[in-house]
Amino acid sequence: MSRLVQHDAVGPAIVKVGDKTLGICQCGLSRTKPFCDGSHKKVTDEKPGVIYLYDLEGHRIVLHDEFPTPKQVFEK
């Protein structure tokens, strides 16, 4: 089973735990979830309103290039 989940963040959430600093994945691409593995570097050139799909090898596919934002959908 698969699902598409909207992730808009382009970097990790930084969390301090004791004397350690951890990066928590927010882009959805990390292979070491919940921790960041640097995969967010692939999303820095994504454009707003475009839906991207990343396969298991990290290759990007453009699914739709003029998708409305949630704000546009719910303002109707």
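Annotation: K41, atom NZ; neighbour count of heavy atoms from other residues, nucleotides and ligands within 6.0 Å does not exceed 12. Summarising the local packing, CZ of R31 is surrounded by 12 or fewer heavy atoms from other residues, nucleotides or ligands at distances under 6.0 Å.
Nearest approach of C25 to S30, heavy atoms of both residues: SG-CB, 3.6 Å. When all heavy atoms of K42 and E57 are compared, the closest pair comes out as NZ-O, 4.3 Å.
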List the steps and the verdict of side-chain contact (heavy atoms from CB on, under 4.5 Å) for F35 and I24.
CA-CA 4 Å; F35 304 106; I24 304 299; 4.0 Å; yes
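The main-chain N or O of Q26 is found under 3.5 Å from a side-chain atom of H7 such that the two form a donor-acceptor pair.
Under the 4.5 Å side-chain heavy-atom criterion for ILVMFWY residues, no single connected hydrophobic cluster contains both V17 and I14.
Taking the side chain as every heavy atom from C-beta outward, V62 and Y52 approach each other to under 4.5 Å.
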